[in-house]
Amino acid sequence: MSLHLELLNPEQLAAVTLPDEHGLILAGAGSGKTRVLTTRIAWLIKGGRTVPARVLAVTFTNKAAREMLTRVTAMLPANPRGMWMGTFHGLANRMLRSHFRDAGLPQAFQIMDSQDQLALVKRLAKGLNIDEERFPPRELAWFINANKEEGVRARDVTVTDENMRRMADFYAAYDEQCQKEGVVDFPELLLRSYELLKRNEILREHYAQRFQYILVDEFQDTNRLQYRWLKLFAGAGAKYFCVGDDDQSIYTFRGAHVGNMADYEREFKVQKVVRLEQNYRSHGNILDAANALIANNRNRLGKNLWTAAGKGEPVRVFEGESDSDEARWIVEEVQALNRDNTPLSQMAVLYRSNAQSRVVEHSLFSRGIAYRVYGGLRFFERAEIKHALAYLRLVALPDDDNAFIRVANFPPRGIGARTMEQLQDAAKQAGKSLFAVAAGSKAATFRALIETLRNETQGLPLKEVVEHVVEKSGLKEHYKTEREGADRIENLDELVNAAAAFTEDDREVESGEAADPLTAFLTHAALEAGEHQAGEGADALQLMTVHSAKGLEFDVVFMSGLEEGLFPSEKSVTERDGLEEERRLAYVAITRARKRLYLSHAQTRMLHGMTRYAMPSRFLEEIPNNLMKWLTPRFQKQKAFTPDFSRQTRTTVQNKPPRDVGGFRIGQNVVHAKFGSGVIIDAEGQGGDARVQVNFGSHGVKWLAVAVANLKAA
DNA sequence: TACTTTGTCCTTTTT
DNA sequence: GGACAAAGTA
């Protein structure tokens, strides 16, 4: 219940007790960021400087929001009611629920997750006869989201060419359809609530007056719209407290705008930027490695982490012959550490892309080591759950066409593609929803089923509503006949449990007064897909992408797949500032480790079903050698190069066993007098006629006659 | 209409 | 290697 201010270092204390002015806190990895943020809120409230209802605290993830609430609550004598604490999307939702009429939405408006959105885009694109080759649905969805996140509506899109015009037209049609159905996508939540306040001065004044302290976590990840949304509350004397780390900005690919930090500092005339540079997490060598690596980035606000802990162990580096060799080694190392009393849950294997988990999983499985993969299918994203939710959505809001299409013929009721097409035509003609035109069609029985469900569940408590719909929809019955349906039925039961656990408090905090319990529950399902996974508490090795590791820490970290074309990814090399983002990603990965860090790479890797050969990542070169200990012989020192992998990696051969060609083999590192170092990726011929194909990075891919080229083994 | 087979496509993803 | 969609078959 105490704040324990005496345990803070001077910078942390300065941040926590910052006087009434706007603050910008540059908080390095492991510098006690969350602690500063939560202690400040508690300090403001406890010192009588404000009351909970006048605090607005924003984070990016539900997990972070929950953690913040728990920690603030622990420091206060009473449960702080009335505080607005949550994710950007959660808070925007809450605002829209409270003012649904002003926002032009139905009371029971439904939220589409990315899956739903893509389904709608596909359906709409088909209906408008849009060429999927020229305008892939994914790109259309991306275009819409990117514009919304910049605060740009369809009519405001700057049209530069014909393609752009067609995309903008599609964007307009998409928004119109959403409006017709009463559904909103993720960015729409924010844009809508932004426009609502922008337009409605009375509401804006109300909220600006109310919120006295606005605190933002992970500020480096905010996009332009989120920043503008935050600024709506300025003007009535609200004080901002933004915490972020530009070196950990790893979401620019999704619209995050690090420039917000500099903009904020300038626009709000921030007097003093507080830098939290003391790291309480990692040993010295690990931190030095991270610092050295990130120093290669040009666009930084500047910061250098230090620690009072000792140097610790060197960073260990391993080169595998193949990805499976790398995985085998990781697993052996994990086993050895585990025998020496490091719990499995304190070790993590990090990788750049999800596909990499498979080899490691395989290796772990064959040795019977418990592990948990993060970032898989989440609870509310499972097919059977999506189906059940679709029934519930139709009960709450019949016009939701996505939901209609999902379950009209599931379980099968003889409503095929043709019937559905007819319905869609009719709906388009009449300007109505599928549900509305279903009466009198082949889908009339389905429509009647939904009507019945709606009547039967009217006024029932949430748990019973969900239970009833799950039973009467025929889903359970259907899964009983399926071979692997038992798990699905179990999940459906779990959904009923989730509904039972969803309390009045949750409803109020998440969606506000205006939402009925069912709609609030569906909102909860959409916004919090449910990290809830089996085996959560068990002692298991942690497997995840570097992205999902942000904010976490482990005693031991394995950073795998450090290869050119993978980490940094081949796409990043050609993107503007792509390499810098990859480097920040590597920085995030390194700084997850407390005591021991392993870096590994493999000479060959199975990717997209074919073996490819890669050179070690440039990031390995950027870490000073004196911090590292090579468990395998150090690779040939290479000159700095910028390989263009965009075409070349595709030229790798499929499944050719290593064989000798004129003294060389595929996958071997070689040096050429003119082209520098490279990797042999293919070979043909024998003896004096032998030729090898070599990937020289920036010097391209070349076929060379062994007898002439004078290649040297590297 | 519903199930099986073939062809294409591959980063990262808090909401 | 694996997800997903289009094409093929009962």
Side-chain angles (χ1 to χ4, degrees), chain A residues 58-66 86-93 111-119 122 126 132-133 136-138 142 145 148-149 184-190 217-218 221-223 225-226 250-256 323 350-359 361-362 374-375 377-378 380-381 409-420 442 523-531 544-552 561 565-575 578 581-582 584-586 588-589 605-611 645 649-650 654-655:
Chain A
V58 200
T59 63
F60 276 83
T61 66
N62 292 297
K63 200 170 143 205
R66 265 196 307 274
T87 64
F88 278 100
H89 294 87
L91 297 173
N93 165 67
I111 299 166
M112 288 188 290
D113 65 14
S114 317
Q115 257 182 59
D116 301 331
Q117 182 189 37
L118 194 62
K122 280 181 188 167
K126 205 169 261 175
E132 282 204 13
E133 297 277 291
R138 296 195 149 276
W142 182 86
N145 289 345
K148 286 190 179 182
E149 278 164 5
V184 298
D185 55 40
F186 286 138
E188 182 72 20
L189 282 170
L190 269 152
D217 191 14
E218 307 275 17
D221 287 335
T222 50
N223 62 37
L225 179 58
Q226 284 161 337
I250 55 176
Y251 284 106
T252 58
F253 75 94
R254 230 178 55 186
D323 50 352
L350 308 184
Y351 34 78
R352 176 67 239 266
S353 68
N354 280 308
Q356 288 168 252
S357 77
R358 240 199 59 256
V359 225
E361 284 188 73
H362 185 81
Y374 285 75
L377 203 53
R378 294 188 287 189
F380 289 114
E381 287 168 0
N409 198 35
F410 195 93
R413 318 187 157 81
I415 302 172
R418 216 174 49 237
T419 312
M420 205 56 102
K442 268 184 152 176
T523 297
H524 171 80
L527 289 182
E528 184 160 0
E531 256 307 274
M544 65 191 86
T545 63
V546 182
H547 281 93
S548 39
K550 192 165 96 161
L552 305 176
L566 191 64
F567 199 172
S569 82
E570 55 185 90
K571 282 197 176 159
S572 70
V573 179
T574 51
E575 274 168 15
E581 177 136 325
E582 294 288 308
R584 289 193 294 270
L585 202 48
V588 167
R605 183 172 297 274
M606 271 292 257
L607 214 61
H608 310 325
M610 51 172 73
T611 308
F645 277 90
T649 40
R650 297 226 167 272
Q654 195 158 5
N655 299 328

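Sequence lines set the chain letters: A, B, ... in the order given, protein chains first and strands last, and positions in each chain run from 1. Fair warning: this is a prediction, and the values are worked out from it, not measured in the lab.
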Worksheet item: Between B:dT13 atom C1' and A:Lys571 atom NZ, what is the distance in whole Å?
Response: 14 Å
Worksheet entry | Minimum heavy-atom distance A:Asp217-A:Ala64, with the two atoms named | OD2-CB, 4.5 Å
Worksheet item: Expressed in angstrom and rounded to an integer, what is the separation of A:Met606 atom CE from B:dC10 atom C1'?
Response: 15 Å
Worksheet item: Thinking salt bridges, do A:Arg358 and A:Glu361 make one under a 4.0 Å N-O criterion?
Response: no
Worksheet item: When you compare C:dA5 with B:dT12, how far apart are their C1' atoms, in angstrom units rounded to a whole number?
Response: 24 Å
Discussion item. Mind checking if A:Pro412 touches a base, just sugar-phosphate, or nothing, with heavy atoms under 4.0 Å?
Written reply: sugar-phosphate
Worksheet item: What is the minimum heavy-atom distance between A:Phe88 and A:Thr222, and which atoms define it?
Response: CZ-CG2, 3.8 Å
Worksheet entry | For A:Leu190 against A:His89, the heavy-atom pair lying closest together | CD1-NE2, 3.7 Å
Worksheet item: A:Ile250 has an atom CD1; how far is it from atom P of B:dT11, in whole Å?
Response: 17 Å
Item to complete: May I ask you to say what A:Asp221 touches in the nucleic acid, namely base, sugar-phosphate or nothing, with a heavy-atom cut-off under 4.0 Å?
Response: base
Worksheet entry | Euclidean distance, atom CZ of residue A:Arg378 to atom P of B:dT13 [Å, nearest integer] | 10 Å
Practice prompt. Could you tell me from which nucleotide to which nucleotide of DNA chain C, 5' to 3', there is an atom under 4.0 Å from chain A heavy atoms?
Written response: C:dG1 to C:dA5
Item to complete: Using atom CG of A:Leu225 as one end and atom P of B:dT15 as the other, report the distance to the nearest whole Å.
Response: 17 Å
Fill in: Shortest non-hydrogen contact between A:Met544 and A:Ala549, atoms and distance
SD-CA, 3.6 Å
Worksheet item: Using a cut-off of 4.0 Å on non-hydrogen atoms, how would the nucleic acid contact of A:Thr59 be classed: base, sugar-phosphate, or nothing?
Response: nothing
Worksheet item: If you look at every heavy atom in A:Lys148 and A:Leu225, which pair is closest and at what distance?
Response: O-CD2, 3.2 Å
Worksheet item: Step by step, would you call A:Arg378 with A:Asp113 a salt bridge (Lys or Arg N to Asp or Glu O under 4.0 Å)?
Response: CA-CA 12 Å; A:Arg378 294 188 287 189; A:Asp113 65 14; over 6 Å; no
Item to complete: Can you figure out which of B:dT15, B:dA2, B:dT11 approaches the side chain of A:Asn409 most closely?
Response: B:dA2
Item to complete: Report which part of the nucleic acid A:Glu581 touches: base, sugar-phosphate, or nothing (heavy-atom distance under 4.0 Å, all strands).
Response: nothing
Item to complete: Nearest whole angstrom, please: distance from the P of B:dT13 to the CZ of A:Phe253.
Response: 7 Å
Fill in: Pairing residues for A:Tyr251 by the ring-ring contact (aromatic ring centres under 6.0 Å, His included) criterion, not counting sequence neighbours
A:Phe253, A:His547
Practice prompt. Consider the side chain of A:His547, meaning its heavy atoms from C-beta on, and name the nucleotide among B:dT15, B:dT11, B:dT12 that approaches it most closely.
Written response: B:dT12
Fill in: Anti versus syn assignment for B:dT11, with syn defined as within 90° of 0
syn
Item to complete: Please work out if A:Tyr251 contacts a base, only the sugar-phosphate, or nothing of the nucleic acid, heavy-atom cut-off 4.0 Å.
Response: base
Worksheet item: Can you name the nearest heavy-atom pair linking A:Ser569 to A:Arg352, along with the distance?
Response: CB-NH1, 3.5 Å
Worksheet, complete the sentence: From CG of A:Asn354 across to C1' of B:dC10 the rounded distance in Å is 13 Å
Practice prompt. Check step by step if side-chain hydrogen bond (donor to acceptor under 3.5 Å, both in side chains) holds for A:Gln117 and A:Ser114.
Written response: CA-CA 5 Å; A:Gln117 182 189 37; A:Ser114 317; 5.5 Å; no
Worksheet item: Counting side-chain heavy atoms from C-beta on, which of B:dT1, B:dA2, B:dC10 comes nearest to A:His608?
Response: B:dC10
Worksheet item: When the distance from CZ of A:Phe60 to C1' of B:dT15 is rounded to whole Å, what number comes out?
Response: 10 Å
Item to complete: Would you please confirm or rule out a distance under 4.0 Å between OP1 or OP2 of B:dT13 and any side-chain N or O of A:Thr545?
Response: yes
Worksheet, complete the sentence: Heavy-atom nearest nucleotide on DNA chain B taken for A:Asn62 and for A:Ser353; more 5' hit belongs to A:Ser353
Fill in: Secondary structure string for DNA chain B (Watson-Crick or G-U under 3.5 angstrom, | for other-strand pairs)
||||||||||.....
Worksheet item: Reckon A:Thr419 has a side-chain N or O less than 4.0 Å from the OP1 or OP2 of B:dT1?
Response: yes
Worksheet entry | Test side chain to side chain contact (heavy atoms under 4.5 Å, CB included) applied to A:Thr87 and A:Leu189, A:Asn62, A:Leu527, the passing residue | A:Asn62
Response to the item:
Sorted by position of nearest nucleotide on DNA chain B, 5' first, the leading residue of A:Ala526 and A:Ala417 is A:Ala417
